[in-house]
Amino acid sequence: MALSDDDVRRVAELVRIGLDESEVKPLGEELSRIFSWIEALREVDVAGVAPMTSVVEMQLRERDDAVTDGDCRDRILGNAPAADEGHFVVPRIIE
Amino acid sequence: MAAGDCSAVELVEACIAAQGAAADLNAVVAATAEQARAAARHADQRRHRNEARPLEGIPVAVKDIFCTRGVATTAGSRILDGFVPAYESTVGAKLWDAGAILLGKTNMDEFAMGSSNETSWWGPVRNPWSPAAGPSLVPGGSSGGSAAIVAARAVPAALGTDTGGSIRQPASFCGVVGLKPTYGRCSRWGIIAFASSLDQAGPLTRSVADAALILQHIAGFDPKDSTSADLPVPDLHAALHGDVKGLRVGIPAEYRLDTLPVAVGDLWEQGIAWFRAAGAELLDVSLPHTRYALPAYYIVAPAEASANLARYDGVRFGRRSAGRDPDDLYTRTRREGFGEEVRRRIMIGGYVLSEGYYDAYYLRAQQVRTRIAEDFRTAFREVDVLLTPTAPSSAFPEGAKTDDPLAMYVNDIFTVPASLAGLPAISVPAGLDDDRLPLGLQLIGRAFDEATLLRAAAALENAVGTLPSPMGSA
Amino acid sequence: MTGARTIVGATGEWELVIGLEVHAQVATRSKLFSGAATAFGAEPNAQVSLVDAAMPGMLPVINRAAVDQAIRTGLALGAEVNRFSVFDRKNYFYPDLPQGYQISQYRHPIVGTGELRVDLPDGRTRVVGIERLHLEQDAGKLVHDRSATDSHVDLNRAGIPLMEIVSRPDLRDWEEAGAYLRKLRALLRAIGSCDGNMEEGSLRADANVSVRRPGASLGTRCELKNLNSVRFLMRAIEVEARRQVAVIEAGEAVRQETRLYDPQRNETRAMRSKEDAHDYRYFPDPDLLPLRLSEARIEQLRDSLPELPDEIRERLIGEYGLTPYDASVLVAEPGAPGFFEAAARGRSGKRVANWIVTNLFGALNEAGRPLAESPVSAETLGQLVGLIEDGTISDRIARDVFEEMFRTGASPQSIVDARGLRQIQDTDAIDAAIDAALAANPGQLEQYHAGKTKVLGWFVGQVMKATRGQANPALVNARLRQKLDADGAG
Ligand SMILES: [Mg+2]
Ligand SMILES: [Zn+2]
């Protein structure tokens with residue numbers, strides 16, 4: 001499975017990782033090598049096999065509907081690179 | 001470990017001194033000496049009042065992937081530069097509640113992605129077994145700092161996390177015990193996520209008994225983690241008698257690789273002989289899907305990681321790069337904040353989940369996982385534990401595999417299958433190779449049967465006897 | 001499609017095809033995956049937990065009440081409740097989405113296909129297919145007006161439980177879309193799974209709109225996002241459909257895109273978004289297990305459902321003889337059926353319904369108050385209708401009395417007594433007033449006798465005026481006619 005340059009650019013954009021144009025080709029080659037190794041999985045007969053959802057047979061646990069958290073704005077904003085008047089701040093979005 | 005023949009203050013001071021002496025290992029990224037000293041004084045007071053808790057005064061180093069309240073936590077990444085959690089991981093809180101003392105946050109591969117501790121923003125960790133002359137050896141990874149600092153005798157126990165082998169493989173490389181509990185045994189709350197369906201916390205220690213003691217106090221149900229198992233934790237100490245008469249030990253045929261170094265193969269044979277001598281019943285078993293474990297892992301883990309690491313966007317915590325709009329900010333922050341291996345795995349994860357590829361990659365990998373889990377279930381109908389090598393080699397020199405991701409990934413060939421099946425597994429130091437570097441043997445147990453696993457591990461440890469320490473003496 | 005509106009363009013007739021995706025906030029105290037509060041109007045970031053802010057190492061734990069309400073809503077829509085459903089991560093980057101993914105349900109939603117019956121003002125009924133209902137987290141809010149260069153992020157809404165209810169493209173005009181949304185809101189309110197408060201954002205609709213020649217295959221659709229009132233929804237659909245017709249008739253093609261409605265300009269415009277931005281890379285959230293529902297749980301929730309709007313509607317028509325339209329309007333308003341039944345006890349249901357639908361709802365609407373805060377109670381409205389029915393006051397007087405009741409909250413009897421509005425039934429008093437009116441207006445009397453019988457009405461007006469509206473109009477009419485004709489003969 002070979003990744004094209006466009007594949008590499010498209011995925012990099014999806015996951016928001018900046019790439020220099022010079023990195024596209026080598027990264028694509030490296031990923032292609034990894035994916036041809038991964039291709040081995042095609043040999044496995046998976047017809048009718050359920051995908052694993054959890055290693056242990058367990059029920060999803062549900063919690064009671066009660067307010068037990070929040071009201072801790074200082075803890076929420078304490079690590080923010082930029083905050084103002086109780087808000088996180090990001091450069092403006094133009095919609 | 002809990003012998004209590006010296007005071008907590010003395011023990012902590014000795015460890016602080018040893019960590020200082022071992023500074024060249026680069027195993028600790030955040031020292032917590034002052035708070036540890038205060039905690040030690042407090043521990044001694046409790047002891048005098050006869051209020052000692054089970055781990056009272058025992059210093060424990062913690063991988064920098066555990067969020068520690070008020071202590072910087074980076075997961076080995078530049079993108080978390082400056083992040084100080086306002087909360088403590090469940091597992092950490094349980095340790096401190098049992099009386100243990102935080103002594104050092106340990107270096108690790110960035111976001112636990114690596115098998116050599118060379119991807120850390122803090123730089124590589126040096127294996128204390130590195131020869132005095134010659135290149136530094138890697139400690140393994142990703143819990144390389146935890147393994148190295150325990151091996152260097154600078155702390156009696158450390159916490160690590162294991163996603164595909166990240167406790168067991170560095171334990172093998174550094175000559176310490178490394179235990180990965182059953183998935184769901186220990187809470188993941190407050191541990192920075194790499195691959196949520198695989199991550200599990202566990203101890204690195206010098207003995208099987210210490211590993212059991214630590215696990216006893218970090219295990220248990222946590223309502224804050226939806227994947228935490230609501231099961232009682234057995235008395236693990238009781239399992240340490242080491243009597244394995246009649247225990248059925250399985251040897252998986254598929255783990256006998258042609259490429260296995262002679263020393264590793266010989267040690268495995270030695271392990272088989274030890275168990276036979278101790279009265280265990282040795283059985284050949286087959287795990288037919290073993291060879292698909294690594295490729296499946298390299299789909300599932302990066303896919304989950306690509307989403308888990310989306311929150312590192314420079315908005316709410318950590319390092320931010322300037323950007324003209326949010327997308328520009330994200331793209332720069334993540335490019336500059338993440339190292340090469342993390343970026344590579346996020347790319348792999350993004351690709352396998354993207355439109356048109358989900359079924360072929362992610363879904364298929366999760367189906368293969370089911371197959372692998374079935375293999376183990378079948379084997380465990382006939383045996384009680386499995387015995388395998390932990391890693392396909394001993395510690396290798398720094399830089400030896402950094403240019404070849406696939407060569408690096410193969411380090412986890414023996415550890416990943418149990419991870420994919422969620423099974424408990426332990427690496428026990430079992431001998432030295434021709435270069436006098438430690439090698440571990442791995443035992444894999446049934447889900448939630450850590451007791452039997454530890455019983456077998458104690459027997460193995462007994463049979464091995466005393467190994468030299470990295471500093472030369474026993 | 002019979003009855004639905006079409007758009008007549010320069011080249012002929014166009015039909016609309018509309019599907020709605022409604023996001024309904026589940027009525028819970030705490031968030032879908034954290035214990036932070038959901039109450040409206042808190043200080044910014046005051047109702048945010050470490051989980052909602054996606055701090056490293058935080059994990060979701062699901063709220064049982066949100067699951068229960070989704071199941072109840074599914075049952076009320078007559079839909080399949082899936083015994084197995086899965087929470088997926090929907091991956092995209094946006095500053096209001098702290099995790100970098102929304103936890104939603106994609107391949108296996110909790111509720112499958114169902115339907116909603118919609119009654120239209122012209123008496124038609126349309127049964128609209130429900131495609132699915134799934135649970136998901138809401139995102140936070142961006143505030144753009146605090147700075148010229150920055151946006152501020154408030155995560156109070158981040159993690160609030162939503163039900164996304166997706167209809168089939170079965171709606172054919174904006175009236176139908178509005179009626180569908182009203183009906184859905186009534187249903188959610190009736191069972192208590194959502195408060196339906198659109199001003200506070202508890203209910204928002206996205207509309208998929210396309211146009212086609214009647215009976216032709218589907219055209220390209222545009223999605224109108226975040227319509228937060230029934231009125232805006234209807235106006236947005238109409239203006240968007242007209243835009244699409246104009247585009248096609250100008251020889252161009254409609255582009256599939258997301259558009260925003262601007263109520264000020266009454267127009268829609270395309271959102272600025274990247275073309276490739278919609279590969280959400282859904283996969284099951286590994287922090288959560290699949291949700292498996294037992295039969296017992298579903299049956300227990302079924303038993304917890306109150307009488308549903310359609311059931312109430314049928315009963316109101318059958319028991320009280322209401323028109324289907326009045327019955328539909330009553331069930332669309334929360335609390336109204338109960339209000340109606342209390343007021344109608346021992347009285348004409350039809351008349352009471354008419355008073356509620358026309359007068360009371362009109363007044364409440366004008367005052368911007370919900371029925372729950374009505375100054376006129378079911379009891380006093382019933383008394384008012386009782387006074388009309390026993391002839392104490394006329395319909396016209398009743399309207400005045402109602403106005404005062406609405407203003408002051410007083411009982412109709414006390415208003416009638418205090419203002420002396422009791423209808424005059426006494427023929428002597430009425431005769432006296434008639435005599436006075438005839439005597440005072442000889443000119444008009446002359447006209448009547450000359451054959452302009454229309455003047456009779458004018459005299460009725462004079463008499464009513466003289467009695468301040470209190471005379472029984474039927475009686476006035478009869479006595480006046482009698483007198484005029486007797487005069488003429490005499
Ligand atoms: Mg949608
Ligand atoms: Zn939605």
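Order of the sequence lines fixes the chain letters, A, B, ..., with proteins taken first and strands second; residue numbering starts at 1 for each chain.
Taking chain A as the reference chain and counting heavy-atom pairs below 4.5 Å, the highest number among B:G184, B:S306, B:P405 is found for B:P405. For the set B:L420, B:T370, B:T182, the count of heavy-atom pairs under 4.5 angstrom toward chain A peaks at B:T370. Of the listed residues A:D45, A:L77, A:T53, A:L60, the one with more heavy-atom pairs under 4.5 angstrom with chain B than any other is A:D45. Chosen from B:E374, B:R371, B:R335, the residue pairing most often with chain A at heavy-atom distances under 4.5 Å is B:R335. Put simply, of B:L294, B:L363, B:L309, B:L329, the one with the most heavy-atom pairs under 4.5 Å next to chain A is B:L294. Counting heavy-atom pairs closer than 4.5 Å to chain A, the top-ranked of the candidates B:F448, B:Y87, B:F317 is B:F317. Between chain A and the options B:F338, B:F221, B:Y183, heavy-atom pairs under 4.5 Å are most frequent for B:F221.
Heavy atoms closer than 4.5 Å to chain B are found in both the backbone and the side chain of A:V8. Looking at A:L27, the atoms closer than 4.5 Å to chain B (heavy atoms on both sides) all sit in the side chain, from C-beta outward. With a threshold of 4.5 angstrom between heavy atoms, A:E23 approaches chain B through side-chain atoms but not through N, CA, C or O. Contact annotation for A:D20: both backbone and side-chain heavy atoms come within less than 4.5 Å of a heavy atom of chain B. Residue B:A360 does not touch chain A at all, counting heavy-atom pairs closer than 4.5 Å. Proximity to chain A is limited to the side chain of B:Y409, based on heavy atoms less than 4.5 angstrom apart. Proximity to chain A (any heavy atom under 4.5 Å) is shown, for B:A447, by neither the backbone nor the side chain. If you measure heavy-atom distances from B:A421 to chain A, the contacts under 4.5 Å come from the backbone alone. When heavy atoms are compared at a cutoff of 4.5 Å, A:A12 approaches chain B by way of both its backbone and its side chain. For A:E62, no part sits under 4.5 Å from any heavy atom of chain B, backbone or side chain. Only the backbone of B:D225 comes within less than 4.5 Å of a heavy atom in chain A; its side chain stays farther off. Both the backbone and the side chain of B:I346 come within less than 4.5 Å of a heavy atom of chain A.
A salt bridge links B:D328 with B:R332: the distance from a Lys NZ or Arg NE/NH1/NH2 to an Asp or Glu carboxylate oxygen falls below 4.0 Å. Salt-bridge check for B:D404 with A:R33: passed, with a basic side-chain N closer than 4.0 Å to an acidic carboxylate O. Salt bridge status for A:D7 with A:R10: present, with a side-chain N to carboxylate O gap under 4.0 Å. For A:R42 and A:E39, the salt-bridge test passes: some basic side-chain N is under 4.0 Å from an acidic carboxylate O. One finds no salt bridge joining B:E340 and B:R343 here, because no Lys/Arg side-chain nitrogen approaches an Asp/Glu carboxylate oxygen to under 4.0 Å. Salt bridge annotation for B:E341-B:R345: present, with a cationic side-chain nitrogen under 4.0 angstrom from a carboxylate oxygen. Ion pair B:E336/B:R78 not flagged as a salt bridge, since none of the NZ, NE, NH1 or NH2 atoms sits closer than 4.0 Å to an Asp/Glu carboxylate oxygen. Taking 4.0 Å as the cut-off between side-chain N and carboxylate O, B:R291 and B:E254 do not count as a salt-bridged pair.
Checked by atom type, the side-chain pair B:N308/B:S196 shows a donor-acceptor distance below 3.5 Å.
Nearest approach of B:D327 to A:R16, heavy atoms of both residues: OD1-NE, 2.8 Å.
Between the CG atom of A:L41 and the OH atom of B:Y361 there is a distance of 9.5 Å, given to the nearest 0.5 Å.
Atom CG of A:D69 sits in a crowded spot, with more than 12 heavy atoms from other residues, nucleotides or ligands closer than 6.0 Å.
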